[in-house]
Each structure stands twice: as structure tokens, then as C-alpha cells.
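No hydrogens, no waters, no symmetry mates; every other heavy atom, side chains included, goes into these values. Numbers restart at 1 for each chain; the letters A, B, ... are given by sequence-line order, proteins then strands.
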Amino acid sequence: MTADLHDFIRNRIRRDLDEGALEQGVVTRFPPEPNGHLHIGHAKSICLNFGVAREFGGKTYLRFDDTNPSKESEEFVRSIQDDINWLGFDWGENLTFASDYFDQLFEFAKQLIVDGKAFVCSQSADEMRQNRGTLTEPGRDSPFRNRTVADNVDLFERMRAGEFGDGAHVLRARIDMASPNINLRDPVLYRIMHKRHHRTGDRWCIYPMYDFTHCICDALEGISHSLCTLEFEDHRPLYDWVLDNININFHPPQIEFSRLGLEYNVMSKRVLAELVDKGKVDGWSDPRLPTLAGLRRRGVPASAIRDFCQRVGVTKQDNLVEIKLLEFCIRQALEAHTPRVMAVLEPLRVTVTNFEGEDEVLDAPWHPQQPEMGIRKLVFGRELFIERSDFSDDPPDKFKRLSPGAMVRLRYAYIIRCDEVVRTASGEIESIQVTYFPDSRSGDDTSGLKPKGVIHFVAASNARRVRVQSFGYLFRTPNPKDVHQDFNDNSVTSTEGFVESGIAQAPDAHVQFERTGYFYRDSSSSEGLESDAIGDSLIFNRTVSLRDSWKP
RNA sequence: UGGGGUGUCGCCAAGUGGUAAGGCACCGGGUUUUGAUCCCGGCAUUCGCAGGUUCGAAUCCUGCCACCCCAGCCA
């Protein structure tokens, strides 16, 4: 089940364990900011953090990093929990919020002030930026850098008391304005923000910054390995500085790994939020999005995402994973147990001229390799639909489908031969006429006929209308740089076809339309995309097509 | 021109001095009432480049090159 994984993080953990360095065992945390929905990049982190804890008998905190009330909300807190659960992970009792620690954080900040390691700076944001220096030039000390401890304590208390407006003052660490690492040039620790917080309400009007908050929360929770992405690498000295300069007896190591890059996708929450807000997609759960909500609505099983994250591995290398790997994982997850059904997405009418009388009911397995899944009933009759692409009046070489004079097997039913093509006045193929061979019934075929191909069909009397939505990539290039220019405005294809009525008895919301792909019943409703709520017609989202190795 | 990272097959990725795992993709072949699945086989004399150390280097040393990240009172 769980292969022995040997990425650099797990190797490190094994070493720590061997050396007896972990008194409390393995403790990890997944620290999302509740300002958007989770995407498959977060899934990589979730699988890593929860996976590692599971493998080494440790525990994982779900800790919301809610230090910026101007962007965060309860709605996102809920959706994130739902998504993590759906992915298959459980934090149990270990649900925390950075805001749970606001009181302690405040005390730690005061300690820093008393020790002369932090000061209240009253420069404007603009002035501060100007004095920060550049990548190659050192910054200049703030004129407020040498305020007395007493003044600093007083000012900080009054900041908290609400005496000042947003931006009037800020609490800064007193480190080194000449540091080549810009994060160490007296970084801001607290800012004034008169904003109601979704958990603490109006109790605070100053909020701690990430760099000050995160490391302390990690220490307070006894995180044994604080795993984050590469862009925090040069924040690590600050992470360590804070913990080294306050009175705390635990110091987690921060270990960075590279974020997931996925072809034809964008993994930036900012960009995703923008697509949602501008109505370019149908909400956070648009099936074209790499969000967990979107993947779920598309029909991607959580197990496929977990498998994908495992196959992708964990390293420090920048990467852009091929979308084909995800597609492979999805097909593989669905192959073994997804019920089969036949659906004709672009119907071509077929008349079986030698079929007389009552419709015939046939049996077909829900899954050809899983007989224990049982059978479904299928109807064969005089009027049928086949896929337009399964007929050609000018077949290419090695065409194994139907063409004038040729024979083909209708899956789980009879062999037919095309006798005639009926055309419209303008010459388009309107329907075809065929004869069937009564002694060629699937299962007891005594005809001796050997057609070269098998195609799917739906009997007109057994057909239920179905609307099918297929999705292309949201972006036109594998590695979109300009999300507006590279946006694919034409990524949804909607067709109306027929599905065998047995679909109603399908033992799963996931289904394979034979020879076409895996589909998932869409039951959410919204404006942009069609949903199941419209009329009584069925709506399916194509999760992924079947592999197709046919090359004419 | 500062600091921090990363460079192993088309894409991921093992490997940490002993002579290049694996997966995906791709290409052959077999089975097949899904051109699916499944099965078999092929696919890096070479590890960014150049030197050096060593009996032996993807792994050690030196120098180069390329790419990514950092100048929010965001996380």
C-alpha cells in the first residue's frame, strides 16, 4: 500500500529518529491561510505532512494561519477542512489557529522590546520601503530605531489599545539594516489593522506578521519538522532569529521543498481567486481548475490525487509535471471498479432493416473484468444510435469501425452490416441502414462472422438524453506566463447525446462510457456551467478520456 | 553587481566514492466483444560545462554556465 518513500525529508526524519533527537516523536502541521480554496499544490503539502506523520506514528496539526483579517474568512476555513477530509486526511483533535496564540505572541513581542530587540517604528510604509535599500545596497536605520525601551513598550501598548490609526506605527525587529538578506533588515513584526477578525472579533487592532507568528506557533505546538515551500528559504534565518531571541524552549527546523508545477495550470491562489472573481470560471469548483473542489466536481477520485502526489515526489528542484501523469493516475484509480455503460455523444441514426417485432433485452456486465459487479440490462431494437465518428463512408486504412458494406459488432449485442447511407439534400449523412445477423448474439454467436471491430450503441427505445461537458486545458500553453494572454477561452465543450437508460441503476456516480472516457454526474448548480439541476436531463462531466492509441 | 537555492532520459525522480533504480511519456509485440485494461520487450556508456583528486567520481575539490526565489505594514 504505502511504498517505502525515500525523499530527502523522510530520510532526514529517519535520521532524527535514529539519533533519538525527537522526544515527542514526529509532529507536523499543515498551515493554510484561509483566504482561498485549496488546490492540488496544497495536496502535495497535505500528503507530505499528514503522510509523514502517519508513516512515522506521529501527528499533524491543521493550523489556520489567520493573521491577516483583511483577506481571510470563515467560508474558507470551512472549505479547507472539507477539502482535506475529502482528500482522506484527518487532524483529529489537532485543529488550531494562529489567532489562538495572539495573547502569547503579544507577550513574546513585549519581551523582544524589553530586551532591546524590537522597536516601534513610525515611518510611513513608503519611507520604510525607501530606507530598506535594494538587493545590492544596504538599507538605512530607521530614525526611530533607538527609542527607549520605555517608549517602545508604551507605544506598543497604545498600539494595541487602539490609540493609533492603521499605518501610524509598526513594531519592528532590531536586527541589521545592512544584512544581505533583506528579510533581516529590521522586518515588521506587528502592524495596526482596525479590522474585525473572523475568530477574535474586535479584540485586536494589531496583528502579527507571518514571520513572527509562524515560527512561534510551530515551537508552541512542538512541531518536529516544519515543512514549507522554497520561497521561504531565505526567511529561515528570521524564523531562527525569532526563536533564538525569545524565551522559548523549543526550536523546530524549517525544511523547504519545491512547490508543484503542473502543465497547463496555474497554482497561484491569487490568480485562481482572480479567475473566480472575474467570472472567467464557474466558481472555485469549476472542473477545469486545479482546485480540490474543481477536481472533485470533475470526478477525480481523491485516491488518484494521493497517488499523483506520491509519484511526483518531494525534492528541492523546480518542476513542471506533465499533465499526462495526472491523467494516468486518474484512469488507473477509476479503471478497476468504475461501472461501464454505453453513451453516444454525437448520434448517428441507424435502422436495422431486418429487425422485426419486440425489442430484445440483453445482458451486459457492469464491468468486463469484475463479474461480481453484476450485470445491467441492455436493449436492442430496430432503431439505434451509434457515434458519428464510428462510421465513415471513406474509411482510412485499418479503420475498424463501420463503413459501407462493412461489418462491425455492436458491443454486447449483434453484428451488423452497413447496406445503405441515407443523405440529406445537401449530401450530409443523415442515417444509415444496416442488417443484423440474428445468430451473432453476444455470448452465443454461431454466425462464424469475424468483424474487425466493436462499436458502442444505444437503442432509441432505451435512450436517455444526456448532456456531456468535456474540458480542455484552462491555459493554452504548458507553462503559462501571462495568465490573461494564455487563457483558453474555449475550454468547455458541451454535447447532447444518449445514454442507455440502465445508467439510472449504475452503482456509482463515477461511470465509464465505454470507448469514450470516465464521467462523473454533475450535481452542483451554478450559472456558468450546466448542472444537473437543469430540467430532468442528466449532465455528466468528463473526468478524463480513455487512452487512445489509434493512429490512422 | 547582494543574498538564498537548483542542475541525473521528453517529464518527474532514486542515487551521497565502486562502475546510472523506478514511474509517466514514447516505440515495438501478445491477449482482448472497450483501438481501453492487462502482459512482454525497447528506451541515459552517461549524470549543466571544463579542469583536478582517486585504482575508481553523478557522487570529493576548483572554476565556469544556466535557471528559480528575495526589496508587502501578504502568507
Students often mix this up, so state it plainly: with edges at 30° and 60°, are the rings of A/F513 and A/F519 parallel, tilted or perpendicular? parallel

Under 3.5 Å, is there a donor-acceptor pair between the A/E221 and A/Y61 side chains? no

Every protein N/O lying under 3.5 Å from an N/O of nucleotides 20-28 of chain B:
residue	atom	partner	partner atom	Å
B/rG23	O2'	A/R311	NH1	2.5

Can you check whether [X] has a side-chain N or O nearer than 4.0 Å to OP1 or OP2 of [N]?
X	N	value
A/R129	B/rG72	yes
A/S258	B/rG5	no
A/S70	B/rC74	no
A/R140	B/rA71	no
A/Q317	B/rA13	yes
A/T134	B/rA71	no

Say we look at [N] and [M]: how far apart would their [atom1] atoms be, to the nearest angstrom?
N	M	atom1	answer
B/rU45	B/rC40	P	25 Å
B/rC69	B/rA13	C1'	22 Å
B/rC26	B/rC11	C1'	12 Å
B/rG15	B/rC73	P	40 Å

What's [X] touching, base or sugar-phosphate or nothing? Going by heavy atoms closer than 4.0 Å.
X	answer
A/M209	sugar-phosphate
A/T213	nothing
A/N11	sugar-phosphate
A/P368	base
A/Q123	base
A/Y190	nothing
A/Y412	base
A/E256	nothing
A/K269	nothing
A/G443	base
A/H235	base

Between [options], which nucleotide has the shortest distance from any of its atoms to the side chain of [X]?
X	options	result
A/H6	B/rG15, B/rC70, B/rU33	B/rG15
A/R409	B/rU33, B/rG3, B/rA75	B/rU33
A/V321	B/rC12, B/rU34, B/rC68	B/rC12
A/R132	B/rC74, B/rA71, B/rA13	B/rA71
A/K316	B/rU33, B/rC73, B/rG5	B/rG5
A/N68	B/rA75, B/rU37, B/rU33	B/rA75
A/S442	B/rG5, B/rG2, B/rU33	B/rU33
A/Q369	B/rC12, B/rA36, B/rA75	B/rA36
A/L320	B/rC12, B/rA36, B/rG15	B/rC12
A/N183	B/rU34, B/rC70, B/rC73	B/rC70

Pull up the glycosidic torsion of B/rG72 and say syn or anti, syn being anything within 90° of 0. syn

Please state how far atom [atom1] in [X] lies from atom [atom2] in [N], giving the value in whole angstrom units.
X	N	atom1	atom2	answer
A/R236	B/rC70	CZ	P	16 Å
A/L449	B/rU33	CG	P	15 Å
A/L378	B/rU33	CG	P	17 Å
A/R376	B/rU34	CZ	P	13 Å

Ring centres under 6.0 angstrom apart ([X], [Y]):
X	Y	value
A/F212	A/Y190	yes
A/F76	A/H37	yes
A/F475	A/Y264	no
A/Y412	A/F380	no
A/H197	A/F102	yes

Does the cation-pi check pass for A/R401 over A/W550, that is, NZ or CZ under 6.0 Å from the six-membered ring centre and within 45° of its axis? yes

Could you walk me through whether A/Y210 and A/H214 pass the ring pair (Phe, Tyr, Trp, His ring centres under 6.0 Å) check? CA-CA 6 Å; A/Y210 166 85; A/H214 202 84; 4.9 Å; yes

Under 4.0 Å between a Lys/Arg side-chain N and an Asp/Glu carboxylate O for A/R15 and A/D18? no

Quiz item: A/D548 side-chain donor-acceptor pair to B/rG35 base, under 3.5 Å: no

Go through the N and O atoms of the side chain of A/R515 and the base of B/rG35, and report whether any donor-acceptor pair is under 3.5 Å. no

Do A/W550 and the base of B/rG35 stack face to face, with centres under 5.5 Å apart and an angle between planes under 30°? yes

With side-chain hydrogen bond (donor to acceptor under 3.5 Å, both in side chains) as the test, pick out the partner of A/H456 among A/E500, A/R411, A/E387. A/E387

